[in-house]
Protein chains: 2
Amino acid sequence: MVNVMPLEAMPVSPPAVAAQFALLADPLRLRIVESLAREQLCTCHLIAITGAKQTTISNHLRILREADVVLGEAEGRFTWYRLAPGAFAEGLRRLQGITKPGEATPRLRPACAP
Amino acid sequence: MVNVMPLEAMPVSPPAVAAQFALLADPLRLRIVESLAREQLCTCHLIAITGAKQTTISNHLRILREADVVLGEAEGRFTWYRLAPGAFAEGLRRLQGITKPGEATPRLRPACAP
DNA sequence: CGCTGATATCAAAGTATGCTGATGTGGGGT
DNA sequence: ACCCCACATCAGCATACTTTGATATCAGCG
């Protein structure tokens, strides 16, 4: 038996989720992701939007591509990028779990007897 | 005139939001935050839960404290930590904006005429 | 067919980040 | 008063990350 748990129910280990947040932890990469969430764009657009150098943009796009959160489709001389479906879904779920409680956090255990 | 925009409506610049995601970008820090989202804990609990060294935990708690996402309350020899109210709220909003569309991303502009 | 523009890749450099060991502090129990 | 425990701080090290300039690729156009 390898794994009978449905994908959605399978817990994602902290390292994997942290890696998703790490993708959003850079200001420039965050702007790229937020831009691609609105519309498809090619590299040159992102260069114009962000004001960053071509090499820098290309680098971040590779990072996002290798993390499977953006998809690049070569079309002639251009490469159109868009957000991968379901990208950051797990990160969103975890963040909702963190923020949700809202109420005062309970103190469930006595001081220091792990 | 200085600023008449209500706090909730004021846009948060990418660097500030990226900094929030950066707090969650480390696996250990993510575990700490998720633990504190459930219940108040003191340093020794987090040491036991995570298996990390005291110094490491203390370091991350200082980072989280200085970012105003956790609150520490000294009580005798112990320091009880809890998530600050409203912590990561802006990060959550931005992530919802990124994930929300769901549908296929439109291609709004022509190739490269910024 | 050679040139230009869009983009990817690579190596170098500077900076930031996390972990660790040593050390300081301060409360509580004996 | 003394000692132990919970916790914080600091400096050093190793590693990872971002940016940049140089260079390669590759499609379309004259």
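Chain A is the first sequence line, chain B the second, and so forth, proteins listed ahead of strands; every chain is numbered from 1.
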Exercise for the section: Report the distance from atom CD of Glu66(B) to atom C1' of dA8(D), rounded to the nearest whole Å. Expected result: 12 Å
Practice task
Establish, with yes or no, whether the OP1 or OP2 oxygen of dA6(D) is under 4.0 angstrom from a side-chain nitrogen or oxygen of His45(B).
Solution key: no
Exercise for the section: Please check if Val69(A) and Leu92(A) belong to a single hydrophobic cluster, counting links between Ile, Leu, Val, Met, Phe, Trp and Tyr side chain heavy atoms closer than 4.5 Å. Expected result: yes
Problem - Side-chain donor or acceptor of Gln40(A) paired with backbone N/O of Thr105(B) under 3.5 Å - result: yes
Practice task
Tell me what Thr43(B) touches on the nucleic acid: a base, only sugar-phosphate, or nothing, going by heavy atoms under 4.0 Å.
Solution key: sugar-phosphate
Problem - N-O pairing of Arg109(A) and Glu39(B) below 4.0 Å - result: yes
Handout entry: Non-neighbouring partners of Arg65(A) that pass side chain to side chain donor-acceptor pair (under 3.5 Å), sequence neighbours left out
Key = Tyr81(A)
Problem - His60(A) side-chain N/O to dC17(D) phosphate OP1/OP2 under 4.0 Å - result: no
Problem - Protein-to-nucleotide contact annotation, 5' to 3' order, nucleotides 20-30 of chain D [B base; S sugar-phosphate only; - none; under 4.0 Å, heavy atom] - result: BBB----BS--
Handout entry: Nucleotide nearest Arg65(B) when distance is taken to its side chain, options dT9(D), dA6(C), dT18(D)
Key = dT9(D)
Handout entry: Check ion pair Glu34(B)-Arg38(B) (N to O, under 4.0 angstrom)
Key = no
Practice task
Could you tell me whether the phosphate oxygens of dA6(C), OP1 or OP2, come under 4.0 Å of any side-chain nitrogen or oxygen in Tyr81(A)?
Solution key: no
Problem - Short side-chain N/O contact from Arg29(A) to OP1 or OP2 of dT18(D), under 4.0 Å - result: yes
